[in-house]
Structures are given as structure tokens and as C-alpha cells.
A.B. asks: 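Following this message is one structure expressed as C-alpha cells.
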Amino acid sequence: MRSSKKSNLRQQTDSELLDLAYELREAILAYQEADALAAQDQNPVDGELLLQKAKYDFIYRQIRIRKVKSQRISPDMFQ
């Protein structure tokens, strides 16, 4: 019974990590698209975009440490 609970908890946590990575990816893509459409008078180094990319990178590394397989995320998405 105990291993079943651990297995379910691990699957739930893995699923939440994948969902978070997907949401961060979509937010970064939307931000980049909006930034491309905006006037280019802004500062070239955007702190918000860098923060989002750092969050994605951290979540991606956690997913790989847990050895979760997914087709929705990629390591080189934002190089």
C-alpha cells in the first residue's frame, strides 16, 4: 500500500512539473511575440524575459533529474 501511495504522489508531482514547464514555455513564447511586435525603443536586455527563461531552465533540470519523459518540452527551446 505504501509504494502505491508513493507511486501516485510521484506521478502527480511529475505531471505538475510538466504542466508548469509547459505553462512557462507558453508564457515565454507569448512574451517574445509581444516584444517583437512592440516598439524597439526599449532596453535590449529584458529582465522579465530573463527571469522566465531561468525559471524554465530550473524546472527543466528538475524534470530531467526525476527522469520524466515528455514530448512537450525541449532543452534547447530558448538558446
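Just so we're clear, the structure is a prediction, and the values are computed from it rather than from any experiment.
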A.B. asks: Can you sort out the partners of L17 under side chain to side chain contact (heavy atoms under 4.5 Å, CB included), two or more places apart, ordered by chain and number?
C.D. replies: I59, I63, R66
A.B. asks: Taking atom CD as the centre, does E16 end up with more than 12 heavy-atom neighbours from other residues, nucleotides or ligands that are less than 6.0 angstrom away?
C.D. replies: yes
A.B. asks: Could you walk me through whether Q52 and Q32 pass the side-chain contact (heavy atoms from CB on, under 4.5 Å) check?
C.D. replies: CA-CA 11 Å; Q52 292 292 335; Q32 287 176 333; over 6 Å; no
A.B. asks: How long is the gap from NZ on K55 to CD on E23, to the nearest 0.5 Å?
C.D. replies: 11.5 Å
A.B. asks: In Å and rounded to the nearest 0.5 Å, what is the CD to OH distance from E48 to Y31?
C.D. replies: 5.5 Å
A.B. asks: Once you round to the nearest 0.5 Å, how far does CG of L20 lie from OH of Y56?
C.D. replies: 10.5 Å
A.B. asks: To the nearest 0.5 Å, what is the distance between CZ on F58 and CG on L24?
C.D. replies: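 So the gap between those two atoms works out to 11.5 Å.
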A.B. asks: Would you say T13's side chain and L9's backbone share a donor-acceptor pair under 3.5 angstrom?
C.D. replies: yes
A.B. asks: For a side-chain contact (heavy atoms from CB on, under 4.5 Å) check, start with the C-alpha distance between R25 and I28, then their side-chain angles and the critical distance, and finish with the verdict.
C.D. replies: CA-CA 5 Å; R25 184 185 125 219; I28 290 169; 5.9 Å; no
A.B. asks: Return the set of residues passing salt bridge (charged side-chain N to carboxylate O under 4.0 Å, His left out) with R61 (not counting sequence neighbours), or none when no residue passes.
C.D. replies: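 Residues passing salt bridge (charged side-chain N to carboxylate O under 4.0 Å, His left out) with R61: D57.
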